[in-house]
Asks: 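Handing you a structure now.
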Amino acid sequence: MAKEYSVIGKSKVKVDGLEKVLGTTKFASDYSLPDMLYGRVFRSTVPHATVKKLYLEKARALDGVEAVLDYHDIPGKNRFGIIIKDEPCLVDDKIRRYGDALAVVAAKSPEILEEALALIEVDYDEIEPIFTFERALEADAPIIHGTTNIHQVKHLECGNVDEAFKKCDIIIENVYSTHRLSHMFIEPDAGIAYYDDDGLMTVVASTQNPHYDRNEVASLLGLPYNQVRVIQAATGGAFGGKLDISVQCHCALLTYHTRKPVKMVRSRSESTMVSAKRHPMTIEAKTGATRDGMLMAMEVKICSDTGAYASYGPAVITRAMVHCTGPYSIPNVRADATFVYTNNPMSGAFRGFGVPQVAVCHEGQMNALARKIGMDPVEIRIRNAHQIGSKLTTGQILENSVGFIETLEKAREKAAEVLS
């Protein structure tokens with residue numbers, strides 16, 4: 001029975017293939033409803049400040065504008081976040097990044113909407129912005145959240161690292177840096193909110209996380225969960241970048257007040273400005289081995305900037321720590337990681353949650369060891385590779401399905417075939 005229904009090794013037609021080919025797939029920006037309004041966000045033009053005064057009167061008076069809202073118009077909780085609730089729907093205390101949402105506007109046409117946004121003015125009381133990891137940790141640095149700019153600290157240790165290094169024949173020390181990256185999904189963030197025929201607040205959005213979105217919209221509006229429905233539209237790329245809230249709360253808030261459908265589609269520049277990014281990391285690594293290429297010890301220090309809000313920072317720091325040794329057995333390991341808040345763009349989920357960043361480090365160390373010893377870089381990996389029975393730094397025993405050695409051997413065979 002299992003073989004009869006297996007898709008492995010068989011050609012299968014994608015369930016959404018025909019619609020994609022014909023161009024009939026309906027993405028979030030394709031939705032349109034009768035009497036629909038167009039929504040946009042008025043955003044900060046400074047990265048760190050308190051708002052002295054927000055002038056909304058001219059925009060509210062413009063013909064064709066149906067709502068101009070700030071944080072005073074939020075009926076429920078004005079904080080959301082995938083793990084830590086530290087991001088406001090609309091700023092109520094202070095601005096923490098360039099592009100923070102200060103107000104939302106709904107109008108009868110995109111042209112009126114643009115005119116209304118241009119009529120909004122704001123007076124700032126600017127605060128020194130924090131743009132580097134080092135400045136965030138200095139004693140006199142302005143605090144972005146709470147009482148410290150430290151977002152998360154993690155420590156992982158096994159074996160006796162200091163003693164193990166004394167017994168190593170070869171020790172390699174390097175510093176690796178990875179930079180901040182934007183997802184650049186083909187379809188920018190978009191969505192539409194409306195009340196359905198039963199009076200249910202409904203949001204259709206380009207999202208990876210409809211159940212989480214439902215909870216956040218309900219919390220914002222002060223509604224029970226069963227009064228809010230979120231539908232995931234066909235999503236044109238995400239890669240982790242659409243796990244966070246984007247337009248869902250803003251659309252829903254405007255619909256809540258106008259009782260009309262409200263559609264929001266972010267421009268490419270707006271999407272790039274405020275969507276989550278890959279965490280940049282600086283990693284100091286010290287790796288020790290014997291002359292025959294057997295790994296003995298590794299010490300790693302990871303520093304990273306999670307930006308203005310936490311997003312998936314707590315998950316990224318944890319996974320970076322767990323995977324910092326790569327697919328290699330190292331009996332003695334000490335790893336420390338510190339993530340800080342800054343006024344930079346928010347960092348979050350991005351294909352691998354910290355694992356690609358630390359891979360740059362552990363693979364760089366393996367190559368450096370191979371060069372120092374004079375060993376084939378594939379051979380040193382095979383000698384230290386995880387296999388069934390290997391014990392990880394976390395104490396986990398790998399009991400099955402460990403195919404790293406076989407993969408390396410096949411890759412080496414294929415490379416030899418291609419290059420011969």
Asks: Tell me if the NZ atom of Lys20 is crowded by more than 12 foreign heavy atoms within 6.0 Å.
Replies: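 More than 12 heavy atoms, drawn from other residues, nucleotides or ligands, come within 6.0 Å of this atom.
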Asks: Could you go through Thr207 and Asn209, starting from their C-alpha distance and side-chain angles, then the distance that decides it, and tell me whether this counts as side-chain hydrogen bond (donor to acceptor under 3.5 Å, both in side chains)?
Replies: CA-CA 6 Å; Thr207 178; Asn209 226 350; over 6 Å; no
Asks: Looking at NZ of Lys372 and CD of Gln365, how far apart are the two atoms once the value is rounded to the nearest 0.5 Å?
Replies: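 Answer for the NZ-CD pair, Lys372 versus Gln365, is 12.5 Å.
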Asks: Got a donor-acceptor contact below 3.5 angstrom from the Ser304 side chain to the Pro280 backbone?
Replies: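 Pair found, side chain donor or acceptor close to backbone of Pro280.
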Asks: Answer yes or no: is there a side-chain heavy-atom contact under 4.5 Å between Ile120 and Val122?
Replies: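 They are not in side-chain contact.
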Asks: If you round to the nearest 0.5 Å, how far is CD1 of Ile382 from CD of Glu406?
Replies: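 Between Glu406 CD and Ile382 CD1, I get 11.5 Å after rounding to 0.5 Å.
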Asks: What heavy-atom pair brings Ala101 and Cys89 nearest, and what distance separates the two atoms?
Replies: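 Heavy-atom minimum between the residues: CB-O, 3.5 Å.
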Asks: With distance as the sole criterion, is a donor-acceptor pair present between the side chains of Tyr341 and Asp86 under 3.5 Å?
Replies: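 Result is yes, a qualifying pair exists.
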Asks: Let me confirm one number: the OG1-CG distance from Thr50 to Asp125, rounded to the nearest 0.5 Å.
Replies: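 With rounding to 0.5 Å, OG1 (Thr50) is 4.0 Å from CG (Asp125).
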Asks: Assess whether a salt bridge exists between Lys53 and Asp123, defined as any Lys/Arg side-chain N lying under 4.0 Å from an Asp/Glu carboxylate O.
Replies: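 Looking at Asp123 together with Lys53, the answer is no, because their closest N to O distance does not fall below 4.0 Å.
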Asks: If only side-chain N and O atoms count, and only distance matters, is there a donor-acceptor pair under 3.5 Å linking Thr235 with Lys242?
Replies: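 No, no side-chain donor-acceptor pair sits under 3.5 Å.
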Asks: Cationic tip of Lys52 within the cone over Tyr124's six-membered ring, i.e. under 6.0 Å and within 45° of the normal?
Replies: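 Here Lys52 fails the 6.0 Å and 45° test against Tyr124.
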Asks: Run Ile373 and Ile380 through side-chain contact (heavy atoms from CB on, under 4.5 Å) and show every step you take.
Replies: CA-CA 10 Å; Ile373 297 170; Ile380 196 172; 4.2 Å; yes
Asks: Between Arg40 and Val105, is a side-chain contact (heavy atoms from CB on, under 4.5 Å) present by the stated rule, with each step listed?
Replies: CA-CA 6 Å; Arg40 280 281 300 278; Val105 181; 5.5 Å; no
Asks: Between Arg79 and Asp93, does any side-chain N to carboxylate O distance fall below 4.0 Å?
Replies: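 A salt bridge is present here (some side-chain N lies under 4.0 Å from a carboxylate O).
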Asks: Main chain of Ala164, side chain of Asn332: is a donor-acceptor contact present, judged purely on distance under 3.5 Å?
Replies: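 Such a contact is absent between Asn332 side chain and Ala164 backbone.
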Asks: Counting only heavy atoms not in Arg229, do more than 12 sit closer than 6.0 Å to its CZ atom?
Replies: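 Not buried by this count: 12 neighbours or fewer within 6.0 Å.
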Asks: Is the backbone N or O of Thr24 less than 3.5 Å from a side-chain atom of Lys26, with the two atoms forming a donor-acceptor pair by type?
Replies: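 Between the backbone of Thr24 and the side chain of Lys26 there is no qualifying donor-acceptor contact (under 3.5 Å).
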Asks: How far apart are the closest heavy atoms of Gly236 and Ser206, and which atoms are they?
Replies: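 The pair with the smallest heavy-atom distance is N-OG, 4.5 Å.
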Asks: Flag the pair Leu253 / Pro75 as yes when at least one side-chain heavy-atom distance between them is below 4.5 Å, and no otherwise.
Replies: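 Yes - at least one pair of side-chain heavy atoms lies under 4.5 Å apart.
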Asks: Looking at Asp196 and Leu200, would you say the former's side chain and the latter's main chain have a donor-acceptor pair under 3.5 Å?
Replies: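 At least one qualifying donor-acceptor pair exists.
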Asks: Main chain of Gly240, side chain of Gln208: is a donor-acceptor contact present, judged purely on distance under 3.5 Å?
Replies: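 Present.
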Asks: Specify the closest pair of heavy atoms between Ala59 and Ala116, including all atoms of both residues, with the distance to one decimal.
Replies: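 Looking at all heavy atoms of both residues, the closest pair is CB-O, 3.5 Å.
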Asks: Suppose the criterion is side-chain hydrogen bond (donor to acceptor under 3.5 Å, both in side chains): which pairs have a residue in residues 307-324, not counting sequence neighbours?
Replies: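 For residues 307-324, and leaving out neighbouring residues, the side-chain hydrogen bond (donor to acceptor under 3.5 Å, both in side chains) pairs sorted by first residue read Asp100-Tyr309, Asp244-Ser311.
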Asks: Can you tell me how far the CD1 atom of Ile95 sits from the CD1 atom of Ile127, to the nearest 0.5 Å?
Replies: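 Taking CD1 in Ile95 and CD1 in Ile127, the distance rounds to 8.5 Å.
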Asks: Does the Lys NZ or Arg CZ of Lys263 fall within the cation-pi geometry relative to Tyr31 - under 6.0 Å from the ring centre and within 45° of the axis?
Replies: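 No.
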Asks: Does CD1 belonging to Ile186 count more than 12 external heavy atoms closer than 6.0 Å?
Replies: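 Result for CD1/Ile186: open.
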Asks: Check the side chains of Ser271 and Asp189 for a donor-acceptor pair under 3.5 angstrom, ignoring hydrogens and angles.
Replies: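 Yes - a donor-acceptor pair under 3.5 Å links their side chains.
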Asks: Before accepting this row, confirm whether a basic side-chain N of the pair Arg43/Glu270 lies closer than 4.0 Å to the acidic partner's carboxylate O.
Replies: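 Yes, Arg43 and Glu270 are salt-bridged.
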Asks: Please examine the side chains of Arg135 and Asp140, heavy atoms only from C-beta on, and report whether any two atoms are closer than 4.5 Å.
Replies: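 With C-beta onward as the side chain, the pair touches.
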Asks: Within a strict 4.5 Å, meaning less than it, do heavy atoms of the Gln357 and Cys324 side chains meet?
Replies: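 No, their side chains stay 4.5 Å or more apart.
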Asks: Run the numbers on Glu284 and Glu299 for side-chain contact (heavy atoms from CB on, under 4.5 Å), then give the verdict.
Replies: CA-CA 8 Å; Glu284 299 178 22; Glu299 185 172 20; over 6 Å; no
Asks: Centroid separation under 6.0 Å, is that true for the rings of His183 and Phe350?
Replies: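 Yes - the distance between ring centres of Phe350 and His183 falls below the 6.0 Å cut-off.
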Asks: Drop me the distance from Cys251's SG to Leu37's CG, to the nearest 0.5 angstrom.
Replies: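 It comes to 11.0 Å.
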Asks: Regarding Lys14 and Glu19, does a basic nitrogen lie under 4.0 Å from an acidic carboxylate oxygen?
Replies: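 Result for this pair is no, no salt bridge flagged.
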Asks: Are the charged groups of Glu409 and Arg381 less than 4.0 angstrom apart, N to O?
Replies: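 No, Glu409 and Arg381 are not salt-bridged.
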Asks: Look only at the side chain of Asp73 and the backbone of Asp70, and say whether a donor-acceptor pair between them is shorter than 3.5 Å.
Replies: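 Side chain of Asp73 to backbone of Asp70, a donor-acceptor pair under 3.5 Å: yes, one is there.
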Asks: What is the minimum heavy-atom distance between Val402 and Leu398, and which atoms define it?
Replies: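 Nearest pair, atom of Val402 first, then Leu398: CG2-CB, 3.8 Å.
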Asks: My understanding is that only one of Thr282, Ile317, Val358 makes a side chain to side chain contact (heavy atoms under 4.5 Å, CB included) with Ile302; could you say which?
Replies: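 It is Val358, the one option of Thr282, Ile317, Val358 that forms the side chain to side chain contact (heavy atoms under 4.5 Å, CB included) with Ile302.
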Asks: If you define the side chain from C-beta out and look only at heavy atoms, does anything of Tyr225 sit under 4.5 Å from Asn215?
Replies: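 Tyr225 vs Asn215: side chains touch.
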Asks: Over all heavy atoms of both residues, which pair between Gly389 and Ile397 is shortest? Give the atoms and the distance, please.
Replies: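 Taking Gly389 first and Ile397 second, the nearest heavy atoms are O-CG2, 4.1 Å.
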Asks: Determine whether a donor-acceptor pair (N or O, by modelled atom type, separation under 3.5 Å) exists between the side chain of Thr272 and the backbone of Arg268.
Replies: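 Yes: the side chain of Thr272 pairs with the backbone of Arg268.
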Asks: Report yes if the side chains of Thr287 and Ile171 come closer than 4.5 Å at any heavy-atom pair, otherwise no.
Replies: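 The answer is no; the side chains never approach within 4.5 Å.
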Asks: Are the charged groups of Glu87 and Arg96 less than 4.0 angstrom apart, N to O?
Replies: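 No, Glu87 and Arg96 are not salt-bridged.
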Asks: If you look at every heavy atom in Pro142 and Asn149, which pair is closest and at what distance?
Replies: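 Pro142 and Asn149 have their closest heavy atoms at O-ND2, 3.0 Å.
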Asks: When you check the side-chain N and O atoms of Asp169 and Thr290, is any donor under 3.5 Å from an acceptor?
Replies: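 On atom types as modelled, these side chains do not qualify, holding no pair under 3.5 Å.
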Asks: Report the C-alpha distance between Tyr71 and Val91 in whole Å, list the side-chain angles of each, state the deciding distance to 0.1 Å, and finish with yes or no for side-chain contact (heavy atoms from CB on, under 4.5 Å).
Replies: CA-CA 6 Å; Tyr71 74 91; Val91 168; over 6 Å; no
Asks: Should we say atom NE2 of His155 is surrounded by more than 12 heavy atoms from elsewhere, each under 6.0 Å from it?
Replies: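 Correct, the count exceeds 12.
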Asks: Main chain of Thr178, side chain of His279: is a donor-acceptor contact present, judged purely on distance under 3.5 Å?
Replies: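 It does not hold such a pair.
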Asks: So, for Phe404 and His386, is the gap between ring centers shorter than 6.0 Å?
Replies: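 Not under 6.0 Å, so no.
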Asks: Which salt bridge (Lys or Arg N to Asp or Glu O under 4.0 Å) pairs, counting each pair once, include a residue from residues 304-316, with sequence neighbours left out?
Replies: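 Matches after skipping sequence neighbours: Arg180-Asp305.
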Asks: Any side-chain to backbone donor/acceptor pair from Thr394 onto Val322? Under 3.5 Å, distance only.
Replies: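 Flag not set: sc Thr394 to bb Val322 has no pair under 3.5 Å.
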Asks: Should we say atom NZ of Lys301 is surrounded by more than 12 heavy atoms from elsewhere, each under 6.0 Å from it?
Replies: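 12 or below, so no.
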Asks: Main chain of Phe339, side chain of Thr306: is a donor-acceptor contact present, judged purely on distance under 3.5 Å?
Replies: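 Side chain of Thr306 to backbone of Phe339, a donor-acceptor pair under 3.5 Å: no, none is there.
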Asks: Using the six-membered ring wherever Trp is involved, compare the ring planes of His362 and Tyr328 and label them parallel, tilted or perpendicular (cut-offs 30° and 60°).
Replies: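 Perpendicular, since the angle between the ring planes exceeds 60°.
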Asks: State the CD-OG distance between Glu115 and Ser109, to the nearest 0.5 angstrom.
Replies: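 Nearest 0.5 Å value for the CD-OG distance: 9.0 Å.
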Asks: Is it true that Lys167 and Glu163 have a side-chain N and a carboxylate O under 4.0 angstrom from each other?
Replies: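 Salt bridge between Lys167 and Glu163, a charged N being under 4.0 Å from a carboxylate O: no.
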